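Before any comments, here is the structure.
Computed from a prediction, not measured in an experiment: that's the story for all the values here.
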Number of protein chains: 2
Amino acid sequence: MSKTNNKLSIIPLGGVGEIGKNMTAYVFGNDIIVVDTGLKFPEEEMLGIDIVIPDITYLIENKNKIRGVFLTHGHEDHIGGLPYFLKHINVPVYATRLTLGLVEGKLREHNLLDVTKLITITPRVGIKAGVFTVTPFLNNHSIPDTVGFAIDTPEGIIVHTGDFKFDFTPVDGQHADMYMLAALGEKGVLAMLSDSTNAERPGFTMSERVVGQTIDDAFRQAERRIILATFASNLHRIQQVFESAEKFGRKVAVVGRSMVNNINVAMELGYLHVVKGTLIDADDINKLPADKVVILSTGSQGEAMSALTRMARATHRKVEIMPGDTVIIASSPIPGNEKYVSRTIDQLFKIGAKVIYQSVSGVHVSGHASQEELKLMLSLVRPKYFVPVHGEYRMLKKHIELAVGTGVDPDNCFIVEIGDQIELQNGKARIGSKVPSGTVLIDGLGVGDVGNIVLRDRKLLSQDGILVVVVTLSKQDGTILSGPDIISRGFVYVRESEQLLEEANKIVTGTLQRMVSENVSEWSSLKTGVREALSRFLYEQTRRRPMILPIIMEV
Amino acid sequence: MSKTNNKLSIIPLGGVGEIGKNMTAYVFGNDIIVVDTGLKFPEEEMLGIDIVIPDITYLIENKNKIRGVFLTHGHEDHIGGLPYFLKHINVPVYATRLTLGLVEGKLREHNLLDVTKLITITPRVGIKAGVFTVTPFLNNHSIPDTVGFAIDTPEGIIVHTGDFKFDFTPVDGQHADMYMLAALGEKGVLAMLSDSTNAERPGFTMSERVVGQTIDDAFRQAERRIILATFASNLHRIQQVFESAEKFGRKVAVVGRSMVNNINVAMELGYLHVVKGTLIDADDINKLPADKVVILSTGSQGEAMSALTRMARATHRKVEIMPGDTVIIASSPIPGNEKYVSRTIDQLFKIGAKVIYQSVSGVHVSGHASQEELKLMLSLVRPKYFVPVHGEYRMLKKHIELAVGTGVDPDNCFIVEIGDQIELQNGKARIGSKVPSGTVLIDGLGVGDVGNIVLRDRKLLSQDGILVVVVTLSKQDGTILSGPDIISRGFVYVRESEQLLEEANKIVTGTLQRMVSENVSEWSSLKTGVREALSRFLYEQTRRRPMILPIIMEV
């Protein structure tokens, strides 16, 4: 392999300039590996969209070169796009045991489990994939079995941190592998791509243990039932809930589909240790005294259909919250969810529950490194080149400031966009041309069939609704045979606006008659005429601009 | 006036269990006064709605009893509903000078200025209004000339705090009137309604002066132009910007309609003191060296059409932000606006601006009292009954906890809902029956013509769009004369889904032919048949549920 002909290209296909849908390709000659295949939840403007994934056109075009997908951990923003990826590109998937456990359920749903090769990886044990050797190193994060990758390439070693924090008192006793990071640093690291989620946050992220203490305190004070909601994937926190329950003599029932699934997978694989008899069936909640029960639930983000939200609205099938119950919301609202969480809290207070939520410190800690930890990572690894990833622009920028502070040459730091190629050759780095890349919207079964025009129409429809105007004209002389009928949806109450719609009807009739008498006969002109006249009239009368859909039939 | 027959009713018509649209009626016998007539911005689910105001049916039914509207200050959540109120109920409006100055512009826009009696009130000077005597007291808040009211009623004195904080170093030298509050407390206060916005926030809200220091520091370090965005109504902060500009030898240009309006009103009325020559026309910005200019702008919430947002997108007509310019966003994002503000910050960073925003402490302080100030208010006024207002449920609840801590009897604290009557008679309080009340949505010129069905339709349309199916049948034998034509909006790209729509067409044709052959001829059955068959087919194919609008014409 000649170093002079080939170069290493690192291509982020998602996760830069944004939070979510993390995916990075490492390309050298005829070999490509992909790290993470994440999804992202839609922005507010993406009306009706379920999830968002990276555009993988580039990878599909080069699918024969791809040696495997390497997953850092089991969160949706790192594994959620995997089924869509595997439908196009069937390659082995490498991940730690728990991550594979979570991936399996996902692939089963998409009928991909039998056709996919899943390979368990172990920290510190290198995997050959084409010219690359990928060695996982253990990280701390808000889900167990999280790793980063040291990727040995013909150009040098690249450290891909993945999501991380440094938790010196980890709940599962698994420490981040500082020795391996330091050893890599000592050996020499060509470039590092590092998690920027909390780059704006000063200090050091608190240990997950802190949450355990808060849970303990809440359990000590609770006199009736305890309902605790958190992220279904935060198995450390879930472990601590079980431990508190055991300590205070309570049984644990689990509600919410993802919580049930994750706990099953984690117990099966040994990532969650539960004393026999502690876990009870959700149907048995009411058989026990109130002070002997903990209900572990989804819904910490106030999601409309989640278990906690339904309990707060008193529409949950199995759990009715009673005055005096303690509800612990052990998470922070993800930006955009604040209002939903607040609404849930208000409803719970109204029922008479005692609610412990984010205003209480220690009820949640982040899974991502704050500034001091980012500097610790930089100081251990001491990379020559530095690329902040997993963050919006201002976070990436802040992370570079931190890197420069630890000694990285400012000229060796790159803020990149999705699709940019970071080219490394003979120890030099440059930003090359962009590969095909972008965002694919998924709505129901449709992958990529909703684009800007459809979204623009949904936006218009959502603002002022639609008016459909139907009229049948005679083929012979253009006289109106039937209609105009005006049907409105999402515009005004028909009953309260009869007069408005009657006048609108007259406007349409008048416009059509005038145009026909002027010998206008092309449908498109007639439609435009009707649309413009009606739109003007409605705007004058209501200051609204509903979508107007004229339908002219000829018989 | 016999105390035994009549009672005092205090009726919050908005602002309890929510943030915004503050409005409270005080009713005694044949006399009613209204405090504040606020608006609220729509929740996310209220698609297409512009603003939300309280339902004033109760007041309209009793309009002859209403002796006046008293306004606490000039923020939209206290005065924004006034034009809609005055269109139904023409009564005198009492407010301080600045508040009236801001009200005037609003009434002029609605052609109400000439027909409305506006009366200036002065702190400590009582106003007779029926049986009530209303005495304003000076508050600190994020807009000058803010007052609360001591309302003398036949049942006793009620303190209505309005929005407040305690700023011991106020920018305009106007201190909150602690003497009057203490004197009221000493005399005996029957009940207090107090601002709960920050009831969850521990400690004492910082003085507005702190922001002045941060602005000064930023001005000292800025090498090129300074663009500062804040709330257009925060005249204290705007005053401090002018003072910093004068200190550092910069001229100030103002952009953004509301900023220009408010500054004009405030300068005219003497609430903003500007050294001659400091204010320049926005057209002259480019005539001065970059280090001699400050641009004061709207857009601190990332609002789509605001001046700062357009600058960040490089689409502002007059101001182009250059690398090296300093942008100060002197506000906190209102819940729900975080994403818009973040997007603006990212765009500004990309242009190369230095951006100072909320992560820097001291760039914004709240206008509302934190817990220690709420307790200070309670300790000064020492009310017998306590009603927390201006807050969501959990804030009201927290505020009661604080009140009980200062010595209010827990049985004398009431959490009320919109429309509840707090009835006070012979020194006793109880919650009476509800009056007609609720929420009115305003969309364009329509007040209250958009309700649940319209919103539900807008929601449906926004998720999966609409399919209109048009077909003309023969009156004689039900054969299809024309169509079915399927028109879709917001569903899928037609070009990419031709096959799907062709199949849909066949489904409709088949369904109609089958039904006609079975002698089904009522339109409603035909429509339901088409809708159901098509809906089932589309859900199977796409997992989406667009609205389906079958239109059957007979000729």
Side-chain angles (χ1 to χ4, degrees), chain A residues 17 43-44 47-48 200 335-336 338-339 342 345-347 349-350 355 357 359 392-394 397 443-446 449-451 453-466 468 470 472 481-483 485 487 489-493 496-497 539 541-544 547 549 551 553-555, chain B residues 17 43-44 47-48 200 335-336 338-339 342-343 345-347 349-350 355 357 359 392-394 397 443-446 449-451 453-455 457-466 468 470 472 481-483 485 487 489-493 496-497 539 541-544 547 549 551 553-555:
Chain A
E43 311 275 321
E44 268 170 58
L47 295 167
E200 293 181 295
E338 293 87 351
K339 286 196 170 187
S342 296
I345 294 169
D346 279 355
Q347 285 161 332
F349 269 127
K350 282 184 197 167
V355 191
Y357 58 104
S359 71
E392 297 175 3
Y393 191 87
R394 64 195 181 287
K397 203 172 155 68
D443 180 3
L445 295 181
D449 64 346
V450 171
I453 296 174
V454 172
L455 288 180
R456 190 205 59 194
D457 283 350
R458 288 183 185 175
K459 174 84 183 166
L460 280 174
L461 290 165
S462 78
Q463 292 301 299
D464 289 326
I466 186 168
V468 182
V470 197
T472 311
L481 295 180
S482 139
D485 290 335
I487 301 129
R489 287 290 184 276
F491 173 53
V492 286
Y493 273 136
E496 292 183 12
S497 309
Y539 186 72
Q541 296 291 312
T542 67
R543 287 286 180 283
R544 297 183 206 167
M547 186 184 279
L549 205 60
I551 297 175
M553 316 278 285
E554 273 187 330
V555 182
Chain B
E43 311 275 321
E44 268 170 59
L47 294 167
E200 293 182 294
E338 293 87 351
K339 285 197 170 185
S342 295
R343 215 175 284 178
I345 294 169
D346 279 354
Q347 285 161 332
F349 268 127
K350 282 184 197 168
V355 190
Y357 58 104
S359 71
E392 296 175 5
Y393 191 87
R394 64 195 182 286
K397 201 170 158 70
D443 180 4
L445 296 181
D449 64 347
V450 171
I453 295 174
V454 173
L455 288 181
D457 283 351
R458 287 183 186 174
K459 174 84 183 166
L460 280 175
L461 290 165
S462 78
Q463 292 302 299
D464 289 326
I466 187 170
V468 182
V470 197
T472 310
L481 296 180
S482 135
D485 290 334
I487 301 127
R489 289 287 185 277
F491 174 54
V492 286
Y493 274 135
E496 293 184 10
S497 310
Y539 185 72
Q541 296 291 313
T542 67
R543 289 287 181 279
R544 297 182 206 169
M547 186 183 278
L549 205 61
I551 297 174
M553 317 278 285
E554 273 188 329
V555 184

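- Within the 4.5 angstrom heavy-atom criterion, no atom of A:Tyr539 approaches chain B.
- In this structure, chain A has heavy atoms under 4.5 Å from both the backbone and the side chain of B:Lys350.
- In this structure, the side chain of A:Arg458 engages the main chain of B:Gln463 through a donor-acceptor pair within 3.5 Å.
- In terms of non-hydrogen atom pairs under 4.5 Å with chain B, the most contact-rich of A:Gly465, A:Gly444, A:Gly336 is A:Gly444.
- Contact of B:Glu338 with chain A is made through the side chain alone, with heavy-atom distances under 4.5 Å.
- Residue B:Ile345 touches chain A through its side chain alone, counting heavy-atom pairs closer than 4.5 Å.
- Nearest heavy atom pair, residue A:Val454 against residue B:Val492, reads CG2-C, 3.6 Å.
- In this structure, CD on A:Glu44 lies 6.5 Å from NZ on B:Lys339, to the nearest 0.5 angstrom.
- At a 4.5 Å heavy-atom cutoff, the contact between B:Leu549 and chain A is made by side-chain atoms alone.
- When all heavy atoms of A:Glu392 and B:Ser342 are compared, the pair lying nearest together is OE1-CB, 3.9 Å.
- Neither the backbone nor the side chain of A:Leu460 comes within contact range of chain B; no heavy atoms are under 4.5 Å apart.
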Under the side chain to side chain contact (heavy atoms under 4.5 Å, CB included) rule, what do A:Lys397 and B:Val355 come out as? Steps first, then yes or no, please.
-> CA-CA 11 Å; A:Lys397 203 172 155 68; B:Val355 190; over 6 Å; no
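- In this structure, the portions of A:Thr472 lying under 4.5 Å from any heavy atom of chain B include both its backbone and its side chain.
- For a residue to count as touching a neighbouring chain, one of its non-hydrogen atoms must lie under 4.5 Å from one of that chain's; by this rule B:Gln347 does not touch chain A.
- Judged by distance alone, with hydrogens and angles left aside, the side-chain atoms of A:Arg394 form no donor-acceptor pair with the main-chain N or O of B:Phe349 at under 3.5 Å.
- The most heavy-atom pairs under 4.5 Å with chain A, out of B:Leu445, B:Leu47, B:Asp457, come from B:Leu445.
- Note: B:Asp443 leads B:Asp443, B:Ile487, B:Ile453, B:Leu481 in heavy-atom pairs under 4.5 Å with chain A.
- Annotation for A:Arg544 and B:Val450: closest pair NH1-CG2, 3.5 Å, computed over non-hydrogen atoms.
- A:Ile551 is not listed as a side-chain neighbour of B:Met553, based on a closest heavy-atom distance of 4.5 Å or more.
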